[in-house]
Amino acid sequence: MVDPVALSPRAREQALAAMGQGELDILVVGGGVVGAGSALDAATRGLSVGLVEARDWASGTSSRSSKLIHGGLRYLEMLDFRLVAEALKERGLLLRHLAPHLVRPVPFLYPLQHRGTERPYVGSGVLLYDAMARASGTAGGLPHHRHLSKRGALSEAPALRADALVGAIQYWDAQVDDARHTFFLARTAASYGALTANRTRVSRFLRQGERVVGAVVTDLESGDETQVRAKQVINATGVWTDDTQAMAGTRGQFHVRASKGVHLLVPRDRINSRTGLILRTEKSVLFVIPWGRHWIIGTTDTDWTLDKAHPALSSKDVTYLLEHVNSVLTTPLAPEDVEGVYAGLRPLLSGEAAETSKLSREHLVAHPVPGLVVVAGGKYTTYRVMAKDAVDEAVRGLDEKVPACVTHRVPLLGADGYVALWNARQRLAERSGLHVARIEHLLNRYGSLAPELLALVAADPTLGEALPSSDDYLRVEAVYAVTHEGARHVEDVLARRTRISIESWDRGVDAAPTVADLMAPHLGWDRAHRDREVDHYLKRVAAEREAQQQPDDLTADAVRLGAPDIIPVN
């Protein structure tokens, strides 16, 4: 087991300084799940690696997914067996070995609406789904699917209208806190020697003739520039792929289209069910996903050509999701029941299909110019395969012989020892003075690194108190986010290190001043800087709430852009 490295402010400074010395084997651009996964893959092959992200880790698509680790049941209907089999294998690896502290099983109920052929049709698909998972050798111990009568289905999900189904099929998949998982990838990569720096933008690529030989990166916190030389550069910027490509003076061999997916959060008591739901829509499927004390309802699948950093959610999006879920609920949800919202952009490979829901979820890797590898497309669950393929392609451009990918055998930080600590959670609670529910919360977010947070609480017991209006999260988590997880701003803590921005009714407004006070001494903020951080966050929340009232994407986007980034990227 590797010793964990903290993504502290000092470590970031040292990483940027080290990137400017000598020549890296690989520089990865983009700190989402694929970029962080690529850095881990390369570092665990013994290569020297740099990883830079213009915003925050997971600030784009990788913190705004449906938070599912799944094979993609609907892709079976599209006969995309290879993608499903690949994703199911990855699901099992994450559940059993790579990240058991972050990935856990979740049941789904598929209501059947027609007698006759629907049950055997859906049942055969789910049977194949389970069989493919077992054939992968990484089934993860998930229960086998089961057929339910109408009465059995209503027992599992009393919230369903009796006239909305004739029976159901229940199956199991998995879910993850996508942002936390991405942080763990970046931090694990750093622990294996990768140099990592968020809030660091690639200003331009370095060239020798046609060859890309590195990049000039700008520390957006200080404005300092660093020339980073690298034998190979991997562009893993997701929906920004085409923009990054343009800096290399090439249009690339494929293009990426952005598809907006919208999600709503409602309190758990608004839907009386012991299981998640999967519902058919006219275009795709709709999930109702259990998420702690909440439900996540999503998603949409619509073309997006506006601001990529902050895709806005409109009243039209809210209405669409509520209408579809209300069609099967005994007690309909109202807009007032929505406590949080978020929208993310899927990077889909551009094709001939007119609708984004028909574009490919496969990924592609290309070498458009010497020294530059591009990886794009895919889905969250298969990030490790995408990273492997990207690094494999980059390795072909290196002179030395490089070992094969080993990330299928490299647990993320926090995985080793997690089960043993979970079994000892009552003892941990007694020793720390925290309620056992708090210990379970920490173990399910930090795994076997939870004792690092408990040590901070032991040194300062006030850190064991909950954040204002956000009872699920402790003050120590805001401190740890800065000292160990690379958080630089209040928004980083409230939107990604925790999920307060979508899980609290006030979306983190009440917690923001306390979080800023906890962060300030570790980042050297004076009172004016602290106040700017809080003011920025409050303006962000206000803009998102106002955008949510707008009738369409165009007006919602214009309103959301009224709250600019605290650190401008462009």
Side-chain angles (χ1 to χ4, degrees), residues 30 32-34 55 58-68 72 74-75 178-179 182 237-243 255-265 279 281-289 296-325 335 338 340-351 353-361 363 376-381 495-496 499 501-502 507 540 543-563 565 569:
V33 68
V34 177
R55 293 172 175 82
S59 59
T61 304
S62 297
S63 61
R64 305 177 190 184
S65 73
S66 295
K67 314 199 186 310
L68 292 177
R74 71 187 180 103
Y75 298 116
D178 47 8
T182 301
T237 52
V239 293
W240 286 275
T241 296
D242 291 359
D243 303 82
H255 301 286
V256 172
R257 266 174 73 180
S259 167
K260 185 175 77 165
V262 168
H263 300 80
L264 312 179
L265 273 81
L279 310 170
T281 70
E282 64 275 10
K283 293 183 179 180
S284 183
V285 294
L286 184 74
F287 286 101
V288 180
I289 307 164
I296 295 176
I297 301 170
T299 179
T300 59
D301 199 346
T302 55
D303 200 21
W304 180 264
T305 58
L306 302 170
D307 180 63
K308 295 174 184 173
H310 306 292
L313 185 144
S314 69
S315 63
K316 181 179 178 181
D317 296 319
V318 176
T319 299
Y320 172 86
L321 289 176
L322 290 181
E323 283 181 351
H324 279 80
V325 75
V338 177
V341 302
Y342 65 96
L345 300 178
R346 304 177 192 88
L348 303 182
L349 298 176
S350 186
E355 297 178 359
T356 57
S357 59
K358 296 179 182 177
L359 292 180
S360 175
R361 297 309 301 273
H363 69 273
K379 57 201 293 279
Y380 194 103
T381 303
R496 288 173 290 277
R499 308 319 292 265
S501 67
I502 58 173
R507 304 194 183 180
R540 172 202 148 146
E544 289 179 343
R545 287 190 182 278
E546 187 178 352
Q548 194 178 323
Q549 305 304 315
Q550 304 307 308
D552 53 42
D553 285 349
L554 194 62
T555 53
D557 179 69
V559 168
R560 176 61 185 87
L561 290 177
D565 287 332
V569 173

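FYI, the numbering just counts along the sequence from 1. From a predicted model like this one, the values you see are computed outputs, not experimental measurements.
The side chain to side chain donor-acceptor pair (under 3.5 Å) check on Thr300 picks up nothing, with sequence neighbours excluded. Arg499 is linked by a salt bridge (Lys or Arg N to Asp or Glu O under 4.0 Å) to Asp177, Asp178, counting only residues two or more places apart in sequence or in another chain. Residues passing the side chain to side chain donor-acceptor pair (under 3.5 Å) test with Asp557, sequence neighbours excluded: none. Annotation: side chain to side chain donor-acceptor pair (under 3.5 Å) contacts of Thr381 (sequence neighbours excluded): none. Residues passing the salt bridge (Lys or Arg N to Asp or Glu O under 4.0 Å) test with Asp553 are Lys260, sequence neighbours excluded. Scored by the ring-ring contact (aromatic ring centres under 6.0 Å, His included) test, His310 finds no partners at all (sequence neighbours excluded). Evaluation of the side chain to side chain donor-acceptor pair (under 3.5 Å) rule for Gln550 yields no partner, not counting sequence neighbours. Under the salt bridge (Lys or Arg N to Asp or Glu O under 4.0 Å) criterion, Arg560 pairs with Glu544, sequence neighbours left out. Applying the side chain to side chain contact (heavy atoms under 4.5 Å, CB included) rule to Ser59 yields the partners Glu53, Arg55, Asp56, Arg496; only residues at least two apart in sequence or on another chain are considered. Under the salt bridge (Lys or Arg N to Asp or Glu O under 4.0 Å) criterion, Asp552 pairs with no residue at all, not counting sequence neighbours.
To the nearest 0.5 Å, atoms CG (Leu68) and OG1 (Thr299) are separated by 10.5 Å. Atoms CD1 and CG, from Ile297 and Leu321 in turn, are 7.5 Å apart once rounded to the nearest 0.5 Å. Expressed to the nearest 0.5 Å, how far OG of Ser66 lies from CZ of Arg346 amounts to 6.5 Å.
At least one donor-acceptor pair closer than 3.5 Å links the side chain of Thr61 to the backbone N or O of Leu345. No donor-acceptor pair closer than 3.5 Å links the side chain of Thr182 to the backbone N or O of Gly32. Between the side chain of Tyr342 and the backbone N or O of Ser65, at least one donor-acceptor pair lies under 3.5 Å. Here the side chain of Ser314 pairs no donor or acceptor atom with the backbone of Gln548 at under 3.5 angstrom.
Considering every non-hydrogen atom in both Gly238 and Pro347, the closest pair reads C-CB, 3.8 Å. Among all heavy-atom pairs drawn from Pro551 and Ser315, the shortest one is CA-OG, 3.5 Å. Nearest heavy-atom pair across Ala312 and Asp317 is O-OD2, 4.2 Å. Shortest non-hydrogen contact noted between Thr241 and Val256 is CB-CG2, 3.9 Å. Considering all non-hydrogen atoms of both residues, Ala343 and Arg64 come closest at O-CD, 3.0 Å. Closest approach of Leu348 and Ser259 over heavy atoms only: CD1-CB, 3.6 Å.
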Audit row: Thr555, Gln549, side chain to side chain contact (heavy atoms under 4.5 Å, CB included) steps and yes/no: CA-CA 10 Å; Thr555 53; Gln549 305 304 315; over 6 Å; no
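In this structure the side chain of Lys67 reaches within 4.5 angstrom of the side chain of Ile296, judged on heavy atoms. Looking only at side-chain heavy atoms (C-beta outward), His324 and Val288 stay at 4.5 Å or farther from each other. Taking the side chain as every heavy atom from C-beta outward, Thr237 and Asp243 never approach each other to under 4.5 Å.
Atom NZ of Lys308 has more than 12 heavy atoms from other residues, nucleotides or ligands within 6.0 Å.
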